[in-house]
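Everything on this sheet refers to the single structure shown next.
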Number of protein chains: 2
Amino acid sequence: MAANILLVEDEPGIQELLKFNLAQAGHQVTAAGDAEHALKFLKNTLPDVILLDWMLPGMSGIDLCKRLRSDERYQPIPIIMLTARGEERDKVLGLDTGADDYITKPFSPRELVSRIKAVLRRRAPQMTDEPVEINGLRLDPTSHRVSGRGQALELGPTEFRLLHFFMTHPERVYSRTQLLDQVWGDDVFVEERTVDVHIRRLRLALEPSSHAELIQTVRGAGYRFSAEVG
Amino acid sequence: MAANILLVEDEPGIQELLKFNLAQAGHQVTAAGDAEHALKFLKNTLPDVILLDWMLPGMSGIDLCKRLRSDERYQPIPIIMLTARGEERDKVLGLDTGADDYITKPFSPRELVSRIKAVLRRRAPQMTDEPVEINGLRLDPTSHRVSGRGQALELGPTEFRLLHFFMTHPERVYSRTQLLDQVWGDDVFVEERTVDVHIRRLRLALEPSSHAELIQTVRGAGYRFSAEVG
DNA sequence: AGCAGTATGACTGATTTATGACATGGGCAC
DNA sequence: GTGCCCATGTCATAAATCAGTCATACTGCT
């Protein structure tokens, strides 16, 4: 995967420890000692995940979490709460603040890493860098390559993202609007019909290895990526 | 799922929190701060579910609920009451107002989402995205696919909606008018006999897997989807 | 048989999707 | 900076499919 992670943790020891472990797992980590620094950082950069300590000097992790959740700019970023307390009450409260997951100290780095992975997959499965392969069609996010039964396929950037999204969300119909949101981004102002054009370009690109039929039109509903026929 | 939800809640914090969580679950949320705004909104749009805070400035949630229940236009819309008090007395009172469910604060977003799902299933089963299967005939709303005993079946948009409605409302006769309301929409201006034609098209589409007989004609009354014979 | 309700096939306008062409604009090489 | 090239989004038009209506044939019931 290799995600950009914002770590908000006041205790230097734990901060270092986590930074090291996450870097070890291939992530890019930025650390902030309190909510203020975190917010300052977020002004300029949107990380892929936020790790948030429960207890922070000044604004608490909970409050920061709530605040982030109320801002639509940060709303889609997954948040994982780090907490020392393990009571059920707190867990529920944690989820109520809008956090996607919580993890109770002490925890193993391995656990943290896998939770990050899980949360990324849930929010934006196409973000993970794992190669996907369906019916001999293979897409590798790391090398940014696509091949059909060994044969290399050429597709443009948008077609690549579109295919990546489809392959990580197969067997499901997506309307043009949904595709625009997911593949183009929430805030783009693009004609719905543009999707048709990119679908066509994607199909053309997949033609050489006869994988074009994986992209199916569902009249009145949208498009679907499916390994099944029809 | 993906329902249109009207949220009536005066406290901005909770309103935001819920809006976020519901949006996260794929719903479309409109928020109103009090009963008046809610009513104004309802004049133009009918949501699929209404979330109603117990305590509201001005007209209380309870009163609003009663009022909505007395208007047949709003009567079929499921209402879920949000309440901070947990006493049994209140619960009963809540149900007496005509609410379909109540949920006591604090509650987890997960719980709320699942209650919404439950309430939708009860009131409008065809809205939920769960696959339906009857007698080997299977319809999956997410992938927008229909198959009979493994064999893929082709049906047009209207036939798909019609079948979905039937499968989620089996063993019950619906008049042509009712079907027009439920499948076509309340406001369409279409000849009643048109239903016959689509019934026929649906039957033709189901023929390949011999599921056509599930669509039964009830002379003088309408049509019925039934797994039982004749 | 006669009647009312239902099935069926054909037709037409309307809607939805596919396709090819084009204008724009950014990035890159030089 | 200049020019070229590719990618992107939009449009016009063609093609495909669908929805609704009607005329007619059929069915079951009394």
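Computed over heavy atoms, backbone and side chain alike; hydrogens, waters and symmetry mates excluded. Order of the sequence lines fixes the chain letters, A, B, ..., with proteins taken first and strands second; residue numbering starts at 1 for each chain.
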What nucleotide, of [options], holds the atom closest to the side chain of [X]?
| X | options | answer |
| --- | --- | --- |
| A:Tyr223 | C:dA18, D:dT8, D:dC11 | C:dA18 |
| A:His198 | C:dG5, D:dT8, D:dT10 | D:dT8 |
| B:Glu191 | D:dA19, D:dT10, D:dT21 | D:dT21 |
| B:Arg200 | C:dG9, C:dT17, D:dT21 | C:dG9 |
| A:Pro157 | D:dT8, D:dA19, D:dT10 | D:dT8 |
| B:Arg193 | C:dG5, C:dA18, C:dG9 | C:dG5 |
| B:Asp196 | C:dA7, D:dG20, C:dG20 | C:dA7 |
| B:Arg176 | C:dT6, D:dG20, C:dA18 | C:dT6 |

Quick one: [X] [atom1] to [N] [atom2], roughly how many Å, whole number?
| X | N | atom1 | atom2 | answer |
| --- | --- | --- | --- | --- |
| B:Glu192 | C:dG5 | CD | C1' | 12 Å |
| A:Trp184 | D:dT8 | CH2 | P | 9 Å |
| B:Leu162 | D:dA19 | CG | P | 11 Å |
| A:Leu155 | D:dA7 | CG | C1' | 13 Å |
| B:Phe160 | D:dC18 | CZ | P | 14 Å |
| A:Leu179 | D:dG9 | CG | P | 13 Å |
| A:Leu180 | D:dT10 | CG | P | 9 Å |
| B:Ile199 | C:dG9 | CD1 | P | 16 Å |

- Item | Member of B:Arg201, B:Arg200, B:Arg203, B:His198 meeting the side-chain hydrogen bond (donor to acceptor under 3.5 Å, both in side chains) criterion with B:Glu159 |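 Single pass found, and it is B:His198.
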
Does [X] reach the main-chain N or O of [Y] with its side chain, forming a donor-acceptor pair under 3.5 Å?
| X | Y | value |
| --- | --- | --- |
| A:Asp34 | A:His37 | yes |
| B:Arg138 | B:Pro131 | no |
| B:Arg69 | B:Gln75 | yes |

Check your understanding: With distance as the sole criterion, do the side chain of B:Arg219 and the base of C:dT6 form a donor-acceptor contact below 3.5 Å?
Key ->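 Such a pair does not exist between side chain and base.
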
Is it the case that D:dG20 (base atoms only) and B:Arg201 (side chain only) share a donor and an acceptor within less than 3.5 Å, ignoring hydrogens and angles?
yes

Worksheet item: In terms of ring plane angle, is the pair A:Tyr174 and A:Phe165 parallel, tilted or perpendicular, where the classes change at 30° and 60°?
Response: perpendicular

Using a heavy-atom cut-off of 4.0 Å across all strands, would you classify [X] as base, sugar-phosphate, or nothing?
| X | result |
| --- | --- |
| B:Glu159 | sugar-phosphate |
| A:Val195 | nothing |
| A:Thr194 | base |

One pair to check against ring pair (Phe, Tyr, Trp, His ring centres under 6.0 Å): B:Phe225 and B:His169. What are the steps and the verdict?
CA-CA 8 Å; B:Phe225 183 92; B:His169 299 80; over 10 Å; no

Worksheet item: Looking at B:Thr158, does any N or O in its side chain come under 4.0 Å of the phosphate oxygens OP1/OP2 on D:dC18?
Response: no

